[in-house]
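A short write-up of the structure that comes next.
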Amino acid sequence: MTKTIAILGSTGSIGTQALSIAARHADIRVSALTCRSNIQLLEQQVRQFHPAVAAVLDEQAAADLKVRLSDLPVRVLAGMEGLEEAAVLEENDMVLTAFVGMIGIRPTIAAIEAGKDIALANKETLVTAGHLIMPLAKRKKVRILPVDSEHSAIFQSMEERNRACVEKLLLTASGGPFRGMHRQQLQQVRPADALAHPNWSMGSKITIDSATLVNKALEVMEASWLFEVPQEKIEILVHPQSIIHSMVQYADGAVIAQLGMPDMKLPIQYALFYPERKALDGARVDFCALGSLSFERPDLETFRGLQLGLDAGRQGGSMPVVFNAANEAAVAAFLAEKISFPGIWELIERAMKAHAVLPEPSLEEILNIEQEIRIKIEEWLK
Ligand code: NAD
Ligand code: MG
């Protein structure tokens, strides 16, 4: 059966890998391609995949794309409304949310409202609005299929009939490029060092999040929402080889894991075709060549951003919004070489300390808090 998908963020790392999968499977049709501003790549993608809709967040870039694509019957849409329209197209069976950041909240909610299944890569959306998204998905009978490799691994290891017997989730982390370093050493780190991830090739924001370990805090919150497991039952395990992608431990002591080479195409493809498993080319795990797999506890003292994220998750309400929004602004400042690497979690901590938690923030409150934090951080950096 043909599956029709819209991709939010088709020009990014996840988006382009999803399209390389779509190119190899005649039973996937692409209905909409969207991005923030990279219209050069979006134009190429439209010419290759012939979607009905192309949507660009940046209005000027959208106008330029319209001119470039005037020889094709594609509808070019602009702004947040354009993204929402792309997400709710009648023909969509599924929406892949591959935007980076909280910008993905509105179109994701629109897609769920319209009853579209979600292949979820955009974890920031769930971290900040999980309390709105998960009940809505339940009400609309929409499936939220994880694309994040750890969450896909947990999903693949989860025995549906034994959900009540889950003792804990073991969330693995590579430890990033600075594993084993001390606070002083981290002070010297530059963007280029942080962008060199040992095992995964990803977009720049998540690569920095992997280096600070903030990514793992976001993933703990993401897992807690997706699998309805409280944060205390989620353990982070540093596993530098990135072969075990995460595990589920049951009440009888059994641990079920999903293993594979670190390649995002597998979790992306698994979500797109779920419940079917399809062939995928690529390297296979050679256990003898690996020799051993190792594990250690995360260093919460040195990597303070992880500790702050766990605190934010425990406090709940609007605190994860503050944690996430401050991190997004701080990562941008670090990439622009305005702050040091530890400066990222220093800004997050300052933002969290200045915030009084709202218990169940509405969508409007979430978006307002994000704006406030962004402005505050800009002021602090002046
Ligand atoms: P990326 O930076 O490579 O791509 C981001 C995409 O989002 C682009 O298409 C871009 O046009 C769009 N976008 C929309 N608004 C944007 C904005 N304000 N700033 C920048 N880009 C914007 O990101 P990615 O690595 O593909 O990650 C996408 C999402 O998937 C993130 O939430 C990330 O945490 C998650 N994820 C990624 C990977 C990975 O391997 N890349 C793995 C697990 C989870
Ligand atoms: Mg991950």
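Counting starts at 1 for both ligands and their atoms, following the listed order. Owing to the predicted nature of the structure, the values given are computational and were not obtained by experimental measurement.
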Salt bridge [X]-[Y], side-chain N to carboxylate O under 4.0 Å:
| X | Y | answer |
| --- | --- | --- |
| D193 | R190 | no |
| D64 | R68 | no |
| R304 | D311 | no |
| R284 | D263 | no |
| R163 | E159 | no |
| E370 | R374 | yes |

Which bit of [X] is near ligand 1, meaning a heavy atom under 4.0 Å away: side chain, backbone, both or neither?
| X | result |
| --- | --- |
| A98 | backbone |
| K123 | both |
| I103 | side chain |
| E124 | side chain |
| I206 | side chain |

key: Donor-acceptor pair between N324 and E328 side chains, under 3.5 angstrom   =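 The criterion, which ignores hydrogens and geometry beyond distance, is satisfied for E328 and N324.
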request  = Would you please say whether a donor-acceptor pair under 3.5 Å links the side chains of E150 and T172?
outcome  =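 Distance-only check fails for E150 and T172.
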Has ligand 1 got any nitrogen or oxygen that is less than 3.5 angstrom from a nitrogen or oxygen of [X]?
| X | answer |
| --- | --- |
| S13 | yes |
| T11 | yes |
| G12 | yes |
| G203 | yes |

request  = Could you count the protein N, O or S atoms found under 2.8 Å away from the Mg ion (ligand 2)?
outcome  =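 My tally for this metal is 3.
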ask   = What residues, two or more places apart in sequence or in another chain, satisfy salt bridge (charged side-chain N to carboxylate O under 4.0 Å, His left out) together with R36?
value =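 Salt bridge (charged side-chain N to carboxylate O under 4.0 Å, His left out) list for R36, sorted by chain: empty.
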Which ligand 1 atoms, with their elements, are less than 4.0 angstrom from a heavy-atom of [X]?
| X | value |
| --- | --- |
| N122 | 32 (O) |
| D148 | 43 (C), 44 (C) |
| C35 | 11 (O) |

key: side chain to side chain donor-acceptor pair (under 3.5 Å) partners of S318, counting only residues at least two apart   =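 If we apply the side chain to side chain donor-acceptor pair (under 3.5 Å) test to S318, skipping adjacent residues, the hits are H355.
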ask   = Taking the hydrophobic residues Ile, Leu, Val, Met, Phe, Trp and Tyr, and joining any pair whose side-chain heavy atoms are under 4.5 Å apart, which ones share a cluster with I244?
value =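 So far as hydrophobic clustering goes, I244 is joined with L170, L237, I243, M247, V255, L259, M261, V285, F287, L290, L293, F295.
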key: CA sep, side-chain torsions, deciding dist, call: F303, F178, ring pair (Phe, Tyr, Trp, His ring centres under 6.0 Å)   = CA-CA 10 Å; F303 294 90; F178 308 134; 7.6 Å; no
query = Closest non-hydrogen protein atom to atom 11 (O) of ligand 1, residue and atom name please, with distance?
reply =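 The closest heavy atom on the protein side is R36 N, 2.8 Å.
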